[in-house]
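Structure first, commentary second.
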Amino acid sequence: MKTHPRIYLDNAATTPLDPEVAAVMKEVMDRCFGNPSSTHAFGREARTLVERARKTMAELMGCSPGEICFTSGGTEADNMILRTVVRAGQVRKIITSPLEHHAVLHTVEELHEKDGVEVVFLPTDTEGRPDLNFLEKELHHDGNRTLVSLMHANNEIGTMINLAEVGYLARQHGAHFHSDTVQTVGHYSLTFKDLPLDFAAASAHKFHGPKGVGFAYLRGGKACGPLITGGAQERNLRAGTENVYGIVGMAKALELALSARADHENHIRSLKNRALEKIRENIPEAEFNGDISEDSLYTVLNVLLPEFPDPDMLLFRLDIEGLAVSGGSACSSGSHKGSHVIRALGKSSQRPSVRLSFSRMNTMEEVDCAVDILARVVHNAPQPHFS
Ligand SMILES: Cc1ncc(COP(=O)(O)O)c(C=O)c1O
């Protein structure tokens, strides 16, 4: 029996590890097992690797090494920032959007319930953009001790905010600004020192690095304390023996991602545009969720499909046909709760949505084949059975 290769278009969930990243990680695993906190030669070697990686990352992100705190990923970085600014008493009000990732949403909900923090959800337009006039009014009332937390790019629908615009607004009113930049670090050139941003979160596995490692950007190194307590690692900001190979791998992945960033972007944009065109031709009833303009996240395309008799089965059917995509945020896939983002956009719950997300490792042939599979599955859906 002929088996066809599987097509992976779920890169917003996670990206394949770059083989060059795997190679540097393997070398560290094989040769450098010391604990960076040990003062002997083994430990000093590991410490050197961690600090060299921090320096590389700081140079690439346009910040100083002391502003980068390594974490276990984006979720921990978001949690660390939000929880510690509240705990330090710097923030009593958080302004955010209902379309944020659960790493932010569930954290602010808990901060509201357990710590009495006031939480304001900004209204959004039909493409998921937060209402900045509303934000300005909220800040005008009460800018002090307020944190604005808005993601740079939405992981499900690709709608983006302008970091400079939001950041200056926050700054004018004396508010802090945190952005979940998990989907954009490694894909856009961000220079933290030039942005009016106090905090940001990032994750290596979204840019062909390893899973379980990321970082929090803390402007001026000003953190409000650790989320995880224990040893004095990360200048007392994040206890626990450092994930040395993960950190080295993340720095290598960022270097590779940014060294040819413009070429990767051109390639991925052409994949997204091809998918858009082909879906319009082959599934004319389909619509798109979120922003699909050139200003949207170029790695993500979210499609609102025609009604499907058993929407829960759609992803399984696509998977059986060899196409791996996601029905929303992969982080909650399998929970059958549907997407809070698509719901917040007010889209029909009868119509399933699928997210196609692309990486530099995808090809045009894969995109063509993926849309053929999607059209076949959607159009050959079993008809509802009336008795
Ligand atoms: C926007 C956004 N924030 C946070 C996260 C969580 O990152 P991590 O998987 O590193 O915990 C994700 C992962 O899907 C994401 O897309």
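Counting starts at 1 for both ligands and their atoms, following the listed order.
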Contacts table for residues 111-121: side-chain donor-acceptor under 3.5 angstrom, sequence neighbours left out:
from : atom 1 : to   : atom 2 : distance (Å)
H112 : ND1    : V117 : O      : 2.8

Under 4.0 Å from a heavy atom of G73: which atoms of ligand 1 are those, numbered in the order shown and with their elements? 10 (O)
Between T75 and ligand 1, which residue portion shows a heavy-atom distance shorter than 4.0 Å: side chain, backbone, both, or neither? both
If we count only N and O atoms by modelled type, under 3.5 Å, do the side chains of H152 and T181 hold a donor and an acceptor together? no
Give the numbers and elements of all ligand 1 atoms closer than 4.0 Å to a heavy atom of M151. 1 (C)
Return the option from E76, H101, H102 holding the heavy atom at the smallest distance from atom 15 (C) of ligand 1. H101
May I ask which of K206, H205, E100 has a heavy atom nearer to atom 9 (O) of ligand 1 than the others do? H205
Using the rule that Ile, Leu, Val, Met, Phe, Trp and Tyr join whenever any side-chain heavy atoms are under 4.5 Å apart, tell me whether L9 and F288 fall into a single cluster. yes
Close-contact set for ligand 1 against S203 heavy atoms, below 4.0 Å: 8 (P), 10 (O)
Does any N or O in the side chain of R219 come within less than 3.5 Å of the main-chain N or O of F192, such that one atom is a donor and the other an acceptor? yes
Taken to the nearest 0.5 Å, the spacing of Y298 OH from E265 CD works out to 4.5 Å
Using a 3.5 Å cut-off on N or O atoms only, is G74 in polar contact with ligand 1? yes
Atom pairs and distances, side-chain donor-acceptor, residues 160-172, under 3.5 Å, sequence neighbours left out:
from : atom 1 : to   : atom 2 : distance (Å)
N162 : OD1    : A164 : N      : 3.0
N162 : OD1    : E165 : N      : 3.1

